[in-house]
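Remember, predicted model here, so these are calculated numbers, not experimental data. A, B, ... follow the sequence lines: proteins, then strands. Residue 1 opens every chain. Keep in mind that the numbers below use all heavy atoms, side chains included, and drop hydrogens, waters and symmetry copies.
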Amino acid sequence: MSLQKQNSYRTGPDERGHFGIFGGRFVAETLMPLILELEQAYAAAKADPAFQAEMDGYLKDYVGRPSPLYFAERLTEHLGGAKIYLKREELNHTGSHKVNNVLGQIMLARRMGKKRIIAETGAGQHGVATATLCARFGLECIVYMGAVDVERQKPNVFRMQMLGATVVPVQSGSRTLKDAMNDALRDWVTNVDTTFYCIGTVAGPHPYPMLVRDFQAIIGRETREQMLAAEGRPPDSLVACIGGGSNAMGLFHPFLDDAGVEIYGVEAAGHGLTQLHAASIAGGRPGVLHGNCTFLLMDDDGQIQEAHSISAGLDYPGIGPEHSWLHSVGRVTYLSATDEEALAAFQLLSKLEGIIPALEPAHAIAKVMELAPQKPKQHLMVVNLSGRGDKDIPQVAEILKDRHT
Amino acid sequence: MSRIDARFAALKQEGRAALVAFVMCGDPDVETSLAIIKALPKAGADVIEIGMPFTDPMADGPAIQAAGLRALRSGASMKKTLQVVRGFRAGDAATPVVLMGYYNPIYIYGVDRFLADARAAGVDGLIVVDLPPEEDEELCLPALKAGVNFIRLATPTTDDRRLPAVLANTSGFVYYVSITGITGSASADAGKVAEAVARIKRHTHLPVCVGFGVKTPDQARAFAARAEGVVVGSALVEAVRASLDGEGRATAATVDAVADLVADLAAGVRGARAAAE
């Protein structure tokens with residue numbers, strides 16, 4: 001893949017849903033008519049001021065936006081370099097950035113007259129956000145979750161059930177997020193007339209990567225305004241963790257054409273890149289899965305490999321197609337953090353700032369710990385704190401307990 | 001004229017529908033699956049669909065998912081699938097062979113190399129579930145150029161407006177997916193299927209085969225009365241599974257278990273037109 005000079009990095013996808021060679025609509029024929037209908041419905045909603053106004057109302061009063069941009073003074077002092085700001089997406093209702101996208105999709109589903117909502121979830125954050133908005137709007141909600149994840153993210157399973165959702169533990173394949181997505185697609189194919197598939201990340205068939213990005217881009221737009229208000233200029237660098245990559249895309253996209261802004265995505269390196277991990281760009285290559293062409297972890301025969309990350313939300317062998325493209329054109333730098341590095345960052349942020357991050361953004365914090373000391377003191381670095389760590393406390397406590405005994 | 005065209009033309013002369021039999025390559029192991037495939041024509045299969053195993057078969061139900069995983073565990077791969085086709089072709093020059101599966105293993109093998117090797121091995125057609133007409137440039141158009149039929153799925157959601165696009169680059173036959181759903185699930189109502197087949201036939205001269213949810217000789221007979229072919233898959237891979245020993249290995253009964261079921265289904269298909277008249 002050659003580096004090519006772009007006039008703008010923000011014009012994708014093309015009308016066929018492609019970002020360069022990535023993206024597309026690789027789905028069964030049964031789903032194609034609905035995907036085309038969704039594309040039309042989204043175009044109509046986008047052009048409708050009433051849709052945007054209604055969304056803005058819920059974003060403000062139900063989600064609690066704007067989320068603060070917080071100067072992490074003690075973390076900054078501790079690392080002794082760049083001035084670090086946290087974009088506090090973990091303060092949103094439901095505890096993560098996922099709600100931004102779910103609100104948009106649920107409002108689309110209502111416009112399309114769909115009363116049954118399905119979703120896949122890894123850590124359970126997308127599932128909780130979907131269950132929450134289905135409760136709010138009186139819609140049936142079915143969440144597919146890998147049986148392994150049901151076990152390691154129990155608090156979120158209870159939360160979804162409390163909200164009235166049905167959680168289906170997925171027993172096929174590796175019983176994690178990838179398999180939850182397979183089963184959600186199987187449900188969708190079966191119930192295509194009644195059902196809206198609320199995808200949780202910037203992946204899947206076109207138009208999902210585009211519309212999820214658009215719904216999440218509020219993160220980056222707010223960040224720009226807030227940083228201008230705080231410092232009188234835009235940030236110098238952005239850092240975010242990446243599983244499918246929706247929180248990262250939401251932060252990055254409004255800044256892609258700001259040539260002076262360095263952008264870092266952080267994948268999950270699990271036990272390390274030579275062992276089991278979930279870093280699709282670092283360890284994968286382009287392939288086709290779940291409706292799109294993108295970087296995937298797979299063997300020489302094109303069989304998808306099981307990913308591993310301590311974080312259920314990053315435990316996926318693929319990545320959103322627009323990230324694959326931004327990597328191939330060199331606009332975004334993709335790094336990776338191991339389970340151990342994320343655990344250390346999880347503890348550091350808790351102790352220095354009184355903010356317990358989810359294990360997912362702990363991966364981003366881990367790379368901030370490397371990047372910030374290399375930067376001058378006037379360098380403004382924003383890290384997306386995409387979710388809070390409450391859901392991870394039982395799992396982390398278990399891991400740390402084993403170490404102390 | 002391709003082997004598929006020739007076979008359907010001959011069956012039209014006979015006045016009966018085709019039995020299209022699907023088995024997963026490498027299930028439960030490569031050698032046994034070759035033995036099963038070799039036994040299919042004699043048992044009454046008119047067209048053979050060979051599944052290319054994939055870890056993430058998003059349009060398949062539990063039976064075919066499990067068959068694919070058994071195959072992958074036994075060391076199946078695209079290379080071995082093509083070897084099996086070559087092995088079958090060495091003893092049978094007439095029965096059409098269609099490979100069915102998902103795009104990623106083909107993409108990784110390399111489209112041009114795959115088409116050349118598939119054609120050389122004796123593959124006549126391809127069914128790739130996750131390549132709708134919107135992605136024709138990926139594989140469909142290169143396949144047509146290479147002389148390999150590209151068989152498209154039409155579904156209950158493919159309406160009259162969309163049918164022309166679906167049929168445009170389709171060759172060999174049209175595979176009508178009788179339900180909105182995954183393989184091996186609920187069975188469609190024969191009346192509704194007849195309507196759908198008639199609707200497709202208003203748009204094409206290609207033979208129409210009906211699949212998804214066909215399990216018994218009676219169902220096969222009912223659909224065969226209305227279409228040029230009936231596809232059976234999940235029931236056959238279930239027969240494989242039921243014949244295995246405690247460790248999932250083939251037994252002396254495995255090949256016969258599939259062949260016997262194919263013979264019953266073939267009898268159903270062959271009885272259809274007589275019953276309809």
Task: Of all pairs that satisfy ring pair (Phe, Tyr, Trp, His ring centres under 6.0 Å), the ones with a partner from residues 50-74 of chain B, not counting sequence neighbours - done: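 For residues 50-74 of chain B, and leaving out neighbouring residues, the ring pair (Phe, Tyr, Trp, His ring centres under 6.0 Å) pairs sorted by first residue read F54(B)-Y102(B).
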Open item on the list: For residues 169-192 of chain A, which residue pairs pass the ring pair (Phe, Tyr, Trp, His ring centres under 6.0 Å) check, not counting sequence neighbours?
Closed with: W188(A)-Y197(A)
Measure distances from [X] to the heavy atoms of chain B and classify the residue's part below 4.5 Å as side chain, backbone, both or neither.
X	value
I304(A)	both
L36(A)	side chain
D187(A)	neither

Open item on the list: Working note: E322(A) + R213(A), criterion salt bridge (charged side-chain N to carboxylate O under 4.0 Å, His left out); need CA distance, chi angles, decisive distance, verdict.
Closed with: CA-CA 9 Å; E322(A) 195 167 6; R213(A) 174 197 74 197; 3.1 Å; yes
Open item on the list: Below 4.5 Å, heavy-atom pairs only: which of K79(B), M58(B), E138(B), E135(B) has the largest tally toward chain A?
Closed with: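 Greatest number of close heavy-atom pairs with chain A: E135(B).
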Task: Per-residue contact mode, P62(B) against chain A (heavy atom under 4.5 angstrom) - done: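 The answer is neither part of P62(B).
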Open item on the list: Which atoms of D159(B) are under 4.5 Å from chain A, going by heavy atoms: the side chain, the backbone, both sets, or neither?
Closed with: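 Neither; nothing under 4.5 Å.
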Task: Sub-4.5 Å side-chain heavy-atom contact between L115(B) and K145(B) - done: no
Task: Per-residue contacts, residues 178-195 of chain B versus chain A, heavy atoms under 4.5 Å - done: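 T180(B), G181(B), I182(B) fall under the 4.5 Å cut-off.
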What side-chain donor-acceptor pairs closer than 3.5 Å can you find for residues 202-209 of chain B, not counting sequence neighbours?
unit_1  : atom_1 : unit_2  : atom_2 : d
H203(B) : NE2    : D160(B) : OD1    : 3.0
T204(B) : OG1    : L206(B) : N      : 3.0

